[in-house]
Amino acid sequence: MDKTYDPHAIERTWYRKWEENGYFQPQGEGPAYTIMIPPPNVTGSLHMGHGFNNSIMDALIRYHRMRGYSALWQGGTDHAGIATQMVVERQLQAAGTNRKELGRDKFLEKVWTWKEESGSTITRQLRRLGSSIDWTRERFTMDPGFSKAVEEVFIRLYDEGLIYRGNRLVNWDCKLHTAISDLEVVSEEETGNFWYFRYPLVGGATTQDGKPYIVIATTRPETLLGDTAVAVHPDDERFRHLIGQKVDLPMCNRQIPIIADTYVDPEFGTGCVKITPAHDFNDYEVGQRHKLPLINILTKDGAINENGPEKYRDMDRFECRKQLVRDLETAGLLEKIEPHKLKVPRGDRSGVVIEPYLTNQWYVATKSLAEPAIKAVEDGQIQFVPKQWENTYFAWMRDIQDWCISRQLWWGHRIPAWYDAQGKIYVAPTEADARAKYRLADDVQLTQDEDVLDTWFSSALWTFGTLGWPEQTEYLKKFHPTDVLVTGFDIIFFWVARMIMMTLKFTGQIPFRTVYVHGLIRDAEGQKMSKSKGNVLDPIDLIDGIELDTLLKKRTDSMMQPQLAQKIDKATRKQFPDGIPAHGTDALRYTFYSLASTGRDINFDMGRIEGYRNFCNKIWNAARYVFMNCEEHKVTKPERRHDYSRADLWIQSRFQAALKKVNESIAIYRFDLVAQAVYDFFWNEYCDWYLELSKPVLWDEKANDEAKNATRYTLLSILEQSLRLAHPLMPFITEEIWQKAAQLLDITGATIMLQPYPEEDSSVVSIDVEAEIEWVKNVVLALRNIRGELNISPAKAIPAIFSKGTPLDRHFLEQHRVYLIKLAKLESIEWLTDTALAPPASMQLSGDMEIRVPLAGLIDVKAEQARLAKEIDRLKADSAKVEAQLANERFVANAPPAVVAKERERLSSFAGTLQLLQEQLEKIATL
RNA sequence: GGGUGAAUAGCUCAGCUGGUAGAGCGUCGCCCUUACAAGGCGAAUGUCGGGGGUUCGAGCCCCUCUUCACCCACCA
């Protein structure tokens with residue numbers, strides 16, 4: 001083995017072997033364990049969120065696979081309608097053309113080509129993460145089988161009346177020319193204006209203070225062109241007399257009524273609200289109540305259409321706004337302009353301001369679907385982890401709105417609906433089916449609906465669609481419902497909720513038993529990673545490393561604003577002056593696990609990943625040590641427990657503790673605790689103590705062969721078990737090392753992946769042995785403390801004198817001489833019966849036993865005095881605290897006796913130690 | 001407006017049913033000791049956001065305030 005761990009060298013080959021040998025496919029006859037990948041966008045590339053998400057899933061799958069489950073991790077990708085279409089449209093634009101010019105068929109060809117080209121990027125990257133996805137079953141949301149499921153669902157819902165077509169206001173994206181759902185609209189607070197306009201009263205009416213006009217306030221002046229009323233509150237004294245009167249709508253040559261509606265808040269603005277039913281959701285409601293006409297004034301691009309006054313026609317909505325304000329000002333109808341903060345709705349993909357727009361769209365009636373979906377969570381059939389997300393889910397589901405599922409795009413599942421000349425709707429898989437189903441005469445002309453379905457409509461079918469539904473396949477029977485869905489909170493509504501609804505509806509089963517909800521991966525400062533901030537980390541770069549220049553280029557490329565690019569350049573140089581070194585997949589994954597605590601957002605810390613890269617190196621080198629000491633011997637399992645050293649038994653016992661902790665923590669999805677347990681055990685116990693404790697045995701020429709074999713066996717078998725313990729987290733390094741460990745232990749099996757997970761075994765847990773080695777550790781620690789504090793070189797062997805203590809101390813001392821000599825680097829050990837004879841020395845306590853390192857020629861008295869003084873101070877502070885507590889009568893009276901006794905004991909032990917140290921200090925002072 | 005989460009060492013985070021505050025990174029010493037300098041050994045570091053309360057005892061429970069983040073909602 002190389003001296004230094006090189007992730008690159010080992011990650012390359014293993015993944016290919018695993019995949020080629022079919023190890024990712026469900027194995028054996030065990031119970032099913034299923035995870036469905038949240039399908040990434042087929043043309044996307046891996047980001048930190050994917051990295052995190054898939055690391056978690058892989059750990060779960062590998063763990064369960066090793067525990068004997070027939071584990072299926074179903075992989076696949078999503079066609080991602082809007083996102084993908086946008087990318088291809090951008091490419092066309094760069095080539096000087098557009099989709100309209102190309103036409104639908106040609107355009108779709110282009111998209112498919114692009115999908116074929118780039119679709120492997122994300123799956124290749126998922127492989128780099130070590131994801132043990134069953135690629136033989138990879139699905140795509142637009143492959144024929146899955147499309148069949150989509151079609152089936154649409155038609156059945158339509159036939160049941162749960163999908164309908166409606167003409168109403170939708171969120172319209174003027175750039176993408178499509179409707180989008182409520183969820184795809186993000187409202188951010190922006191600074192805008194409040195414009196106050198005068199609407200002249202008709203027929204000589206005046207306001208209370210005699211003005212011939214009323215004043216309305218608006219944040220959207222251009223919608224004035226579509227106003228069909230002005231509303232006031234029915235109880236508003238100021239305007240009551242005007243209800244039923246009319247106003248002249250400026251610039252429009254129309255008169256509109258003043259109506260009364262409780263929707264109006266008299267306190268807000270002027271108390272008079274312009275009502276534009278065709279361009280505002282609230283106004284629409286008001287309009288419905290008062291039977292107001294709807295005047296649509298916008299084109300699909302967001303320009304003024306033929307319903308607007310000629311002057312403004314074809315003007316963009318924002319251009320029109322400016323012009324209209326100028327015109328009103330000229331006309332003396334602009335009262336004032338105030339700055340105003342308002343929520344501006346924008347499309348999550350396009351970023352443009354969304355318009356409420358009157359169109360025909362397809363909707364899913366969600367109420368009846370939501371009910372059982374709510375119940376499934378209420379009943380605990382589906383559980384969210386952490387549980388608090390259930391409230392979020394309930395809140396949304398209980399107030400769910402009908403879902404607009406049609407999109408005016410080309411890329412996606414085309415809606416299986418046909419229209420005749422009268423616009424009558426026929427829903428069936430194909431035109432021929434439609435004719436048959438509805439018994440249409442041959443001469444009836446049918447045209448298919450131009451629209452496609454919302455991507456999330458198909459995603460909602462993911463858990464059962466991927467398993468072959470509507471066919472009742474063996475896989476569907478065996479692997480559905482799935483076990484756990486691992487996902488970010490950001491798509492609970494988009495995806496999780498809709499999956500639950502659709503899956504219950506069409507399979508009668510829940511889609512998954514557990515929803516593990518995790519947070520977002522942010523940068524070290526807690527900022528969202530985004531291209532424009534230039535703080536994006538690419539998981540692949542963390543694995544492979546990246547040169548500074550390449551990183552800079554990546555971060556500043558295609559940046560619209562040069563100042564921004566400059567800033568990013570500077571920040572990047574500062575954070576990564578030498579680029580990013582390679583850390584390897586295992587280290588990256590381990591970092592994700594270690595940060596995966598209670599479902600909150602994760603700040604990605606470079607310090608962490610370096611630490612875990614070092615951990616990999618530690619494992620690597622520990623293995624080297626073990627192999628170095630074992631490979632030239634035939635190592636066999638010892639016949640008798642008696643052959644094992646105390647250290648051998650100790651590490652076996654400690655391994656059990658770690659294993660238990662790991663099992664418990666995985667069961668509650670606390671991967672941070674899993675990572676911590678494995679790290680602590682391997683580094684702080686196995687490496688720091690056990691490996692050191694093995695040396696005196698292995699290097700002792702007098703030790704018998706049985707003892708040496710037992711230690712070698714323990715070294716190897718604990719290593720081998722630790723590798724299996726850690727394998728779900730760090731698949732590559734564990735596999736690489738395991739191969740050799742298995743060989744030396746005569747374990748057959750081609751891969752660690754398919755080995756059983758370590759079994760808990762209480763028979764090797766020994767409290768006595770643990771206490772004994774704990775004693776050794778304490779003595780060693782005491783001696784090391786003296787050495788460290790007094791700056792005695794680690795190379796210098798020192799004498800140690802022991803005294804006081806219990807018979808057990810004395811027994812252990814004899815028993816573990818060699819351990820102490822090796823670990824504390826002692827030149828001699830002496831037991832002193834009369835402490836009066838003790839030479840001037842530095843002293844430490846282990847329990848009641850006094851440990852002395854004679855000062856003569858070794859150390860400087862001042863340093864020892866300082867050490868003692870420090871210790872005394874600390875003890876004094878501690879005893880003062882305990883003393884105060886014990887002086888409190890109510891504590892003594894009310895606290896459990898055990899607690900009180902413990903405190904008493906502590907106090908007396910403090911006092912004893914304190915006295916000793918003080919004597920020691922005086923003694924030294926005389927030197 | 002409603003809701004959720006967070007605030008613990010310089011940084012990133014743990015801290016189970018209330019009973020002596022932990023890890024990693026960083027810092028400071030001493031060391032290339034035959035697995036590992038991506039390492040070993042030792043050390044320092046906290047009025048657990050503020051205030052109140054319950055309790056013998058609060059990082060943890062209750063109230064309140066402050067700050068930050070996020071989610072939902074139609075305020076023109």
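Lettering follows sequence order; numbering is per chain, from 1. When reading the values below, keep in mind they use all heavy atoms of this one structure, side chains included, and skip hydrogens, waters and symmetry mates.
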Given B:A76, B:C72, B:C13, which nucleotide is nearest the side-chain atoms of A:Thr219?
->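 Of all the options, the side chain of A:Thr219 is nearest to B:A76.
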
To the side chain of A:Arg670, which of B:A23, B:U12, B:G15 is closest?
->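 The nucleotide sitting nearest to the side chain is B:G15.
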
Ring center gap for A:Tyr612 and A:Tyr679 short of 6.0 angstrom =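 Between A:Tyr679 and A:Tyr612, which both carry aromatic rings, the centre distance is below 6.0 Å.
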
Kindly indicate whether the side chain of [X], heavy atoms from C-beta on, has any atom under 4.5 Å from the side chain of [Y].
{"X": "A:Tyr199", "Y": "A:Leu224", "value": "yes"}
{"X": "A:Glu871", "Y": "A:Gln844", "value": "yes"}
{"X": "A:Val779", "Y": "A:Leu820", "value": "yes"}
{"X": "A:Ile10", "Y": "A:Tyr5", "value": "yes"}

With sequence neighbours excluded, what pairs up with A:Phe268 under the ring pair (Phe, Tyr, Trp, His ring centres under 6.0 Å) test?
->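 Counting only residues at least two positions away or on another chain, A:Phe268 forms a ring pair (Phe, Tyr, Trp, His ring centres under 6.0 Å) with A:Phe194.
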
Return the set of residues passing ring pair (Phe, Tyr, Trp, His ring centres under 6.0 Å) with A:Phe239 (not counting sequence neighbours), or none when no residue passes.
->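 Partners of A:Phe239 by the ring pair (Phe, Tyr, Trp, His ring centres under 6.0 Å) criterion come out as none, since no residue qualifies.
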
Per the ring pair (Phe, Tyr, Trp, His ring centres under 6.0 Å) rule, which among A:Phe489, A:Trp403, A:Phe493 passes with A:Trp396?
->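 Of the listed residues A:Phe489, A:Trp403, A:Phe493, the ring pair (Phe, Tyr, Trp, His ring centres under 6.0 Å) partner of A:Trp396 is A:Phe493.
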
Let me know which of A:Phe394, A:Tyr393, A:Tyr669, A:Tyr516 forms a ring pair (Phe, Tyr, Trp, His ring centres under 6.0 Å) with A:Phe384.
->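 Running ring pair (Phe, Tyr, Trp, His ring centres under 6.0 Å) over A:Phe394, A:Tyr393, A:Tyr669, A:Tyr516 with A:Phe384 returns exactly one hit, A:Tyr393.
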
State which residues pass side chain to side chain contact (heavy atoms under 4.5 Å, CB included) with A:Phe627; sequence neighbours excluded, sorted by chain then number.
->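 Result, side chain to side chain contact (heavy atoms under 4.5 Å, CB included) vs A:Phe627: A:Met1, A:Ala623, A:Glu631, A:Leu716, A:Leu719, A:Ile737, A:Lys740, A:Ala741, A:Leu744.
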
What pairs of nitrogen or oxygen atoms, one from the protein and one from nucleotides 56-63 of chain B, lie under 3.5 Å apart?
residue	atom	partner	partner atom	Å
B:C56	OP1	A:Asn894	ND2	3.4
B:C56	O4'	A:Arg890	O	3.0
B:C56	O4'	A:Asn894	ND2	3.4
B:C56	O2'	A:Asn888	ND2	3.1

[X] near the nucleic acid: base, sugar-phosphate alone, or nothing, with a heavy-atom cut-off under 4.0 Å?
{"X": "A:Glu889", "answer": "nothing"}
{"X": "A:Lys870", "answer": "sugar-phosphate"}
{"X": "A:Leu781", "answer": "sugar-phosphate"}
{"X": "A:Ala217", "answer": "base"}
{"X": "A:Arg220", "answer": "nothing"}

Pair A:Glu903 + A:Arg906, salt bridge at N-O below 4.0 Å |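 A salt bridge links A:Glu903 with A:Arg906.
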
Suppose you measure atom [atom1] in [N] against the same atom in [M]; what distance do you get, rounded to whole Å?
{"N": "B:U4", "M": "B:A76", "atom1": "C1'", "value": "29 Å"}
{"N": "B:U8", "M": "B:G22", "atom1": "C1'", "value": "10 Å"}
{"N": "B:G10", "M": "B:C48", "atom1": "P", "value": "12 Å"}
{"N": "B:C11", "M": "B:U27", "atom1": "C1'", "value": "12 Å"}
{"N": "B:C41", "M": "B:G57", "atom1": "C1'", "value": "38 Å"}
{"N": "B:G51", "M": "B:A58", "atom1": "P", "value": "14 Å"}
{"N": "B:C71", "M": "B:G49", "atom1": "P", "value": "25 Å"}
{"N": "B:G40", "M": "B:A6", "atom1": "C1'", "value": "38 Å"}

Verdict with supporting geometry, A:Ser694 and A:Tyr625, side chain to side chain donor-acceptor pair (under 3.5 Å) | CA-CA 11 Å; A:Ser694 74; A:Tyr625 167 83; 2.7 Å; yes

A:Phe194 CZ to B:C75 P, straight-line distance once rounded to whole Å =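 That distance rounds to 12 Å.
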
Can you tell me how far C1' of B:G22 sits from CG of A:Asp672, to the nearest Å?
->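 So the two atoms are 14 Å apart, to the nearest Å.
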
In terms of the nearest nucleotide of RNA chain B, which residue is placed more toward the 5' end: A:Glu610 or A:Glu789?
->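 Closest to the 5' end, via its nearest nucleotide, is A:Glu610.
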
Between A:Cys272 and A:Lys881, which has a closest nucleotide on RNA chain B that is more 5'?
->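 The residue whose closest nucleotide sits nearer the 5' end is A:Lys881.
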
For nucleotides 6-11 of chain B, just jot down a letter per nucleotide in 5' to 3' order: B, S or -, based on protein non-hydrogen atoms under 4.0 Å.
-> S-----

Hey, can you pull the residues of residues 277-286 of chain A with a non-hydrogen atom under 4.0 angstrom from RNA chain B?
->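 Close to the strand are A:Asn282.
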
Sequence neighbours excluded, every pair satisfying side chain to side chain donor-acceptor pair (under 3.5 Å) that has a member inside residues 877-887 of chain A |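 Checked against side chain to side chain donor-acceptor pair (under 3.5 Å) - neighbours excluded - no pair reaches residues 877-887 of chain A.
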
Could you list the residues that satisfy salt bridge (charged side-chain N to carboxylate O under 4.0 Å, His left out) with A:Arg398, not counting sequence neighbours?
->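 A:Glu378.
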
Within the structure, does a side-chain N or O atom of [X] lie under 4.0 Å from either OP1 or OP2 of [N]?
{"X": "A:His340", "N": "B:C75", "answer": "no"}
{"X": "A:Asn603", "N": "B:C13", "answer": "yes"}
{"X": "A:Arg874", "N": "B:A44", "answer": "yes"}

Return one dot-bracket line describing RNA chain B 5' to 3' (Watson-Crick or G-U wobble pairs, both distances under 3.5 Å; ( ) same strand, [ ] crossing, | another strand, . none).
-> (((((((..((((.....[..)))).(((((.......))))).....(((((..]....))))))))))))....

Which pairs, with at least one residue in residues 672-693 of chain A and sequence neighbours excluded, count as a salt bridge (Lys or Arg N to Asp or Glu O under 4.0 Å)?
->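 Found A:Arg654-A:Glu685, A:Arg670-A:Asp672, A:Glu692-A:Lys695, A:Glu692-A:Lys822.
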
Which residue pairs pass the salt bridge (Lys or Arg N to Asp or Glu O under 4.0 Å) test when at least one of the two sits in residues 260-275 of chain A, sequence neighbours left out?
->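 Sorted result for residues 260-275 of chain A: A:Asp227-A:Lys274, A:Asp261-A:Arg289.
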
Give me, pair by pair, the N or O atoms of the protein and of nucleotides 34-39 of chain B that are less than 3.5 Å apart, along with how far apart they are.
residue	atom	partner	partner atom	Å
B:A35	OP1	A:Lys695	NZ	3.3
B:A35	O2'	A:Asn621	OD1	3.0
B:A35	O2'	A:Arg624	NH1	2.8
B:A35	N6	A:Cys687	O	3.4
B:A35	N6	A:Glu692	OE2	3.3
B:A35	N3	A:Asn621	O	3.3
B:A35	N3	A:Ala622	N	3.3
B:C36	O4'	A:Asn621	OD1	3.2
B:C36	O2'	A:Asn617	ND2	3.4
B:C36	O2'	A:Asn621	ND2	3.4
B:C36	O2	A:Lys618	NZ	2.9
B:C36	N3	A:Lys618	NZ	2.9
B:A38	O4'	A:Asn614	OD1	3.2
B:A38	O2'	A:Asn617	ND2	2.9
B:A38	N3	A:Arg613	NE	3.1
B:G39	OP1	A:Asn614	ND2	2.9
B:G39	O3'	A:Lys618	NZ	3.1

Please work out whether the ring planes of A:Tyr593 and A:Tyr590 are parallel, tilted or perpendicular, with thresholds of 30° and 60°.
->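 Answer is perpendicular, since the angle exceeds 60°.
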
